[in-house]
Structures are given as C-alpha cells and as structure tokens.
Participant: 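Have a look at this one.
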Number of protein chains: 4
Amino acid sequence: MPTDTFFNLPKEKRNRVVKAAIYQFASKGYSKASVTQIVHDAQIAKGSFYQYFNDKKSLYKYIVKMALDKKLEYIIEMDSSKIDGLYYFLIQINIAIIRFAEENINLARIVNDLPNMEQTYIYEELEIYHKKSGLNLFIPRLKKAVQEGKIKPEVNIHYAAHLLYNSSLFITNYFLEEKGVNSHKDMIPVIENIIGLIILGIKKDGGES
Amino acid sequence: MPTDTFFNLPKEKRNRVVKAAIYQFASKGYSKASVTQIVHDAQIAKGSFYQYFNDKKSLYKYIVKMALDKKLEYIIEMDSSKIDGLYYFLIQINIAIIRFAEENINLARIVNDLPNMEQTYIYEELEIYHKKSGLNLFIPRLKKAVQEGKIKPEVNIHYAAHLLYNSSLFITNYFLEEKGVNSHKDMIPVIENIIGLIILGIKKDGGES
Amino acid sequence: MPTDTFFNLPKEKRNRVVKAAIYQFASKGYSKASVTQIVHDAQIAKGSFYQYFNDKKSLYKYIVKMALDKKLEYIIEMDSSKIDGLYYFLIQINIAIIRFAEENINLARIVNDLPNMEQTYIYEELEIYHKKSGLNLFIPRLKKAVQEGKIKPEVNIHYAAHLLYNSSLFITNYFLEEKGVNSHKDMIPVIENIIGLIILGIKKDGGES
Amino acid sequence: MPTDTFFNLPKEKRNRVVKAAIYQFASKGYSKASVTQIVHDAQIAKGSFYQYFNDKKSLYKYIVKMALDKKLEYIIEMDSSKIDGLYYFLIQINIAIIRFAEENINLARIVNDLPNMEQTYIYEELEIYHKKSGLNLFIPRLKKAVQEGKIKPEVNIHYAAHLLYNSSLFITNYFLEEKGVNSHKDMIPVIENIIGLIILGIKKDGGES
DNA sequence: GATGAATGAGGATTCATTCAT
DNA sequence: TATGAATGAATCCTCATTCAT
C-alpha cells in the first residue's frame, strides 16, 4: 500500500520510516500514533511522508501486513509436514509464534492488537491477511485430526479453533508483558501446560466433575 | 474517583452523566471517547463536568470500577457455594457473565476492552479492580478442586486460571458480536462446548497424539 | 448556520468575526479564504471559531445568506408596489442593487461571485436563498407585464428574466470595478441606458436590420 | 509563456501536457487545478514541468491564450464581411461561439471562467487577449451600424457592447450547463430570442411602459 | 455549585516549487 | 534535458482543560 516512490527509496531510508512507524503503532496503537512523530523519528519531511503513503491508514495496513507476513514466516519455517501429532503441532506453532514475538517485539504487539481493531472499518481491509495467521492456522489441522479419529466426536472444530487461536494470543501477550521472561525458551513450559490442558483436559481421569 | 461534588448531586443528574459516559467509552473506547459529547448527552455544562471529575481519566476509572462491580454482582448472585462440580461451576460462571453482558451490553463492552488498556499507564491504576473479576474468579475454585483431587497433578493452576479467564472473555466477545444471538440461552451450548473441551480435552481417549 | 454559542456572544465580538469573514470571502473567494486569517483578524482563538461554526462552509453559508438578505432589504425597501411601468421598475431595482453594492462592497462581491459556485456542491445548499434575489426578482414582474399586454408576444419570459438578472450582475460588477465611479448616482445613466436598450431595443425604428 | 524547451519538445508530448492542463483548469478552476495531477496525466516528470513553464501561472496564461485564440478562430471563420445586417451578425457570432463551445467544451469552460478571475492579479496579464475576444468583438460592428444610421442615437455603444458580450457569455454558460442540449443547433432559438430581444426590445410597440 | 465561552497545541493532509542526480 | 524525491509552510479541524462570571 505504499506508493512506488517509497519502493524507489534507498533501503536505509525506507527502514527508518518502517522502524519509526512500527514503534508508533506498537506503543500508541493506530489512532494515537502520530504521523508527525513518525516523520520526526525517521528524519524525513512531512511532505515526503505523503509521497510514500497516501495516508496514515495506508502506512498502517502496510505495517500490519508486514507483521503478519513475518509471523507467518516463523510458522512456515517450522515445517509442519514433519510434525505428526496434534499436540506436538500445537506446541510447535506456539513456540514459533513466541519466537516471532521474541525477535520482533513491536510487530508482535501490533499483531496482538489487531482484534481490538475488529470494530473499525480498517479491520475489514485487513481481514484477509489476518485470517491467514489467525483461525486458519488451526482449522485445517483440526480437520485432519478429526479424519484420523484422534479427536472426540463431540468437539466442535469451530470453537476449538477459536480457543486455540485465542490461547496463542494470550500466550503471546503473556510473553510480551511478563518482564521476568527473557527468552522464548522460558515460555516452553507455559505452552506445554496450556496446550496439554486443552488436549487432555483439566480433569483427572476417573474422577467425576 | 469523582469529587464530593459529584456525590452531592441529585441521583437523576448523576445517572445522566454515568449513562452518557458508559455510552461513550463503550462505543468509542477510552481515547476516542469525547468529553464534549458526554457533557452534551448528559445535558450538563462543561465546567460542571470538571467539578465532578478531575479529568477524563478519573471518569473512566470510575466507570470501569462500576462495570467490574456490576459484573461481580452477577457472579456472586449465582451462589457458588451450592455448586459442587468444577465443570458445573465453570458453566455457571460463564452463564453469569453472559447474563451480565446481556443486561449491560455497554458495561460488558467496557470490561472486555480492558485487556487492551494493559499497555497504558491507566491500566495500572485499575489493576486491583480488574483482578477481582478476572483471574481471581477462577484461582480459588481451582485450588479447591486440586485439594479434592479432581485435577490432574501436572496442571498448573495459574495457567489454567488464565486460560479460563481468557475463555470467558472470548465467550463474551463472541456473544457481543454475534448478531444472531439474542439471549444468553443461545450461548449455553457454546459455553458447554468450550468448557467441556477444557475439562475433558480435545483428545479422544485411548488415542495417542 | 452558526451555533448557539455564536449568538450568545457580545455583539461586538460577533461583528469582528463577521467582518473578518466577509473580508476574506470577498477578497479571496470561498476556497482560498483562510480560517486562520479570519480568526487572526477577528482576534479570536482557532478553537473558538469552531465553537461558533461547525466548519468553514457553515460560516460561508451564513455570510452568503446575510449578503442575500441585505441585498433583498434594499430591493424591498424600494416599495415596488408604487412603481407602475416595467421600465421604471427595472431602473429602480437596479438602482437598489447598486445602492446595496455601494454600501456593502464586500457583501456585493460575495453575492456576485455566487454564480461561480454553481458547479460546487455548496451551491445547492444555497440555491433557495440565491433564487429569491436572482431570477425570481424579475419573473413575476414580467408575467404581470405580459398580462397587461405590454410585452411583445414573441418574447420568452424565461430568457428575458435571465437577461435581466444577468444584466443586473453585470451592472453591479461594472460598478464594483470601475474605479472612477464613486456613487450609485454615477451609475444611473448606465442603468438607464442598458435597461432602455432591453426595453426598446437597439434598432432604430423604421430601419431594417 | 512556456520556455523554449517546451517548444523543442516533440509535438505529441506537448499535446499531452496541454491536454492535461486544459482538463485541470476546466474542471477545477485556476487555483484548485493541481500541477501534480497535470504531470501525472501528461506522464511527464515534475521537474520537467518546471523546465517547460516557470510556474503554474505561466501555464495557465498559455492555456487561456490558446483558448481565446481558438474561440477567435471560430469567429473569424464566419467571414463577417459577408454578413450585412446587425441582427444577423449577432446571431452568427453567437452561433460561432456556441460552435466553439460545442467542439471545445473544456476550452469554453476556461474562457467563460475568465470574468471570475477579474479580481485577481493574473487577470491583468491576460486582459489584452481577453479583450480581443470580448468587448472588441462587438464595438467595431456597433460603430459601423451607428454610421449606417441603424442604431438609435441615444444608445451608448460602450454599454451596448458590454450587454452583448455579457449575453454571449450567458448563452454559452446556458449551453454548457443545459444537459438536454446536445448540439449548437438546439441553441439557435435561444440565441434568436435573446438577440431579438436586444435588437427590438421587450416593449410592445405603441404601449407606454 | 453552575455555566459555557476561551484556549492553543496538536491532529492529518495538501501542494507548488526546488534540487540533486 | 529528464527525472522524481525533498521540502515545509499552509490547509482545515479537534479536544481536553481552564477560567471568568
């Protein structure tokens, strides 16, 4: 969504703009993010900014797309084809997401802020990208597990996917806010616990609840 | 967080202010909510507003506290002492929350928007209230279940509470957005499905994952 | 189209705003007129301006309405009921318009600039007022003259009204620009000439053209 | 008013610039016309534009001159020497102008917008050209008619010329705006009516006004 | 205690023109 | 000569807060 002009810029300058924008959106959110602050941080002229992007919204959409793409990169990288069991798959996907968050803190903040945009008109224009790294991450894998007879027949795939996506968001937020957590490795037990919980349930076998 | 002046006001006037504020915060969110619009809707003078509240933030905190208190009312009302099983407890608590949302749509919106404030400085000042109707809703009950030997020993209570709180938020959002849902009763199957999932797990017994 | 706030202002302040606005619109036209300049000239704060008027357009519409009303005042004042002949009526109406222009130069400039707004969306919202001091000034009088048998049957009332309205605009512009003309009295011969021309025609009787 | 560079350009490129400029000035007016849009439409570089013209004003003056020249072409073409009567001459000249408008809608819009520029400093620099296709169109012919004794002695040539010029503008505007009018031929009755009116007057012979 | 006008820094966006390559 | 990125003052407008009455 940037203009051609933006792509003709030297990479270094483009990076300054992107970096400043990411910082603004991550720390202030879309509507409080200030174009004035972005151009100041990126050391470009106000007018230049509007030669790179039609408006603030265009920039935002570009950054969000970039963030979601980056998130997907981490997920694709994990080469899910080799992962057989559902439990292991879910562990891996959450680890991938946390690694994304670890290495791209501000992009992760932006991604995790997306659900808050859902009521706005901007969201609709982002929905396609968002879906790819949202619910759709889980639905196909759950369907496969159903076919393989590995999932209880009474489980509703739709709700389960929601729960899993939601959990991944929550896990990421947990990571982003928890100041004591330094590496994605520290999160592995948390992930295992939560995914284990979803897979096996809270309830002790044999007990009635 | 209002001034004494506010509490000396006739109840009817106070209600006008509260109602207008709830509407603004629910529909626009904190930062986009307009003081000008609130005083207009409440039919009070701009200057009066600043005699009732030090600033917009004070009003927001007051409304949030009110919303959380109201939510708690619904939860307390359900008289959990009589509820024995954990599953049934979780179903009931989610139904209570949905009933709160059903009868106080705008307050529910404000409550469910709270996690988005987490990065802001305002959140810290609200944390205490938030906790009461958040995580702390689940932790004591989970501890009890542990003592009763009803929960797998490897389950981490802390994370389980997070997952349950998160699920309750997600269920509420689902209710608030789903236009086809008219009554909290329509949500009961959804709740049962999701809670069932958390209690029993996704995995089919006997299968390896 | 101003807000109540504007009308609550002391007359002196209101006049400062109106005067500054008239000056801007008259000298720059609608789109080049600067709100910043207006508030500067009127010695009010930018924010105050937007408490008086919703936007620049509202102010413009207010000023245009004011200008057209003022123009009408001069026309109504001439007490057309006592004016019998069409020629005399047309002379008088043009004199009234020139007197309006003489005593309200900038308002007259704004009024005479209106036809240029015709292609804009603003015009539509002003049309009603404009019509009253435009074509409709002439049509009823021409109809009356037709009934009295004083007008050639082949004359199309519609076109004649247009020609007369157009001539009045032209006469006013002539007055506004002609630097040598100091008083409306200097314009009387011009008016008589032009109206005489429209009434009697250019052509010498008996000559073939 | 373009630079030599402009005239050294291949004709095709020059035309692209001219066409884009005409479109802008016709549809937006001088001050709203966008240089950025012109260079975009003409597919030339911003910098190139300023090598062809010193500034926006220079381009405008060039286009206006072009428009007035084109208008004159249509008028000259009608070979007025062969036209004898004043009435017929006026009919023909108005038809010529309408034909110009019909075949050069955007140029006609620019020409008819000129009077609105009269208050601006730009106008002065265009005045010479404007006059040639304005008042001066009528004055010589009126003088001739006076010499031939075909015009009432009390008619002031100067004012009559103004009225006629003004009427031609009005007729053209009428043509440009009237959506039901497809061809200049549809305008002939209107022209005959208005010119007839000016030649013979509104007043019925024998009646007193 | 009530009122509502005043404030001004800040918001996003536009645009003719310049200048380095 | 052609290019297109850079510029920055100017545009309209918003809004929480203050203050005089």
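Letters A, B, ... are given to chains in the order of the sequence lines, protein chains preceding strands, and every chain is numbered from 1. Values below: all heavy atoms of this structure, side chains included; hydrogens, waters and symmetry mates excluded.
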Participant: Checking C/Lys19 side chain against C/Asp41 main chain: does a donor-acceptor pair fall under 3.5 Å?
Facilitator: no

Participant: Report the relative orientation of the aromatic rings in C/Tyr60 and C/Phe25; use parallel for angles under 30°, tilted for 30 to 60°, perpendicular for over 60°.
Facilitator: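 The arrangement is perpendicular - the two ring planes meet at more than 60°.
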
Participant: Over how many whole Å does the gap from A/Gln51 atom CD to E/dT17 atom C1' extend?
Facilitator: 11 Å

Participant: Give a yes or no on whether a salt bridge exists between D/Asp113 and D/Arg109, defined as a side-chain N under 4.0 angstrom from a carboxylate O.
Facilitator: no

Participant: Return the pairing partner of E/dA16 with a 3.5 Å limit on both distances, Watson-Crick or G-U wobble; otherwise return none.
Facilitator: F/dT7

Participant: Between F/dA16 atom P and B/Tyr60 atom OH, what is the distance in whole Å?
Facilitator: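 Computing the B/Tyr60:OH to F/dA16:P distance gives 15 Å.
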
Participant: Could you check whether B/Lys13 gets within reach of a base, just the sugar-phosphate, or nothing at all, counting any heavy atom under 4.0 Å?
Facilitator: sugar-phosphate

Participant: Rounded to the nearest Å, what distance is computed from the NE2 atom of residue D/His40 to the P atom of nucleotide F/dG4?
Facilitator: 12 Å

Participant: Rounding to an integer number of Å, can you tell me how far A/Tyr30 OH sits from E/dG11 P?
Facilitator: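 So the two atoms are 14 Å apart, to the nearest Å.
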
Participant: Please classify the nucleic acid contact of A/Ser48 as base, sugar-phosphate, or nothing, using heavy-atom distances under 4.0 Å.
Facilitator: base

Participant: For the pair made of CZ in B/Arg14 and P in E/dA2, what is the distance, rounded to whole Å?
Facilitator: 13 Å

Participant: Which part of the nucleic acid does C/Phe53 contact within heavy-atom distance under 4.0 Å: base, sugar-phosphate only, or nothing?
Facilitator: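 Touches nothing.
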
Participant: Please report the distance, rounded to the nearest Å, between NZ in D/Lys28 and C1' in E/dA16.
Facilitator: 15 Å

Participant: Base, sugar-phosphate or nothing for B/Ile44? Non-hydrogen atoms, less than 4.0 Å.
Facilitator: nothing

Participant: Considering heavy-atom distances to DNA chain E, does C/Gln43 or B/Leu9 have its closest nucleotide positioned more toward the 5' end?
Facilitator: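 This one resolves to B/Leu9.
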
Participant: Within less than 4.0 Å of OP1 or OP2 of E/dA5, is there a side-chain N or O belonging to C/Thr5?
Facilitator: yes

Participant: For E/dT21, which nucleotide in any strand shown is its Watson-Crick or wobble partner with both distances under 3.5 Å?
Facilitator: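 Matched E/dT21 with F/dA2 under the 3.5 Å cut-off.
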
Participant: Measuring from atom CD1 of B/Ile38 to atom NZ of B/Lys46, what distance do you get when rounded to the nearest 0.5 angstrom?
Facilitator: 10.5 Å

Participant: How close or far is atom P of E/dG1 from atom CZ of B/Phe7, stated in whole angstroms?
Facilitator: 14 Å

Participant: Hey, what are the protein-to-nucleotides 9-11 of chain F N/O distances that come in under 3.5 Å?
Facilitator:
| unit_1 | atom_1 | unit_2 | atom_2 | d |
| --- | --- | --- | --- | --- |
| F/dT11 | OP1 | C/Ser34 | OG | 3.4 |

Participant: Please state whether the rings of B/Phe53 and B/Phe6 are parallel, tilted or perpendicular, taking 30° and 60° as the class boundaries.
Facilitator: tilted

Participant: With rounding to the nearest 0.5 Å, note down the distance linking CG in D/Leu59 to OH in D/Tyr50.
Facilitator: 9.5 Å

Participant: Would you mind telling me which residue lines up with the more 5' stretch of DNA chain F, C/Tyr50 or A/Asn8, judged by nearest nucleotide?
Facilitator: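 By nearest-heavy-atom nucleotide position, the 5'-most residue is A/Asn8.
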
Participant: Identify whether any heavy atom of D/Phe49 sits under 4.0 Å from a base atom; if not, whether one sits that close to sugar-phosphate; answer base, sugar-phosphate or nothing.
Facilitator: nothing

Participant: Which distance, rounded to the nearest 0.5 Å, do you find between the CG of C/Asn116 and the CE of D/Met117?
Facilitator: 10.5 Å

Participant: Among C/Leu126, C/Ile110, C/Leu114, find the one that has a side-chain contact (heavy atoms from CB on, under 4.5 Å) with C/Leu68.
Facilitator: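 Testing C/Leu68 for a side-chain contact (heavy atoms from CB on, under 4.5 Å) against C/Leu126, C/Ile110, C/Leu114 leaves exactly one candidate, C/Leu114.
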
Participant: Would you kindly give the CG-to-C1' distance between A/Asn54 and E/dT14, to the nearest whole Å?
Facilitator: 12 Å

Participant: Of the listed nucleotides (E/dA2, F/dA2, F/dG8), which one gets closest to any side-chain atom of B/Tyr52?
Facilitator: E/dA2

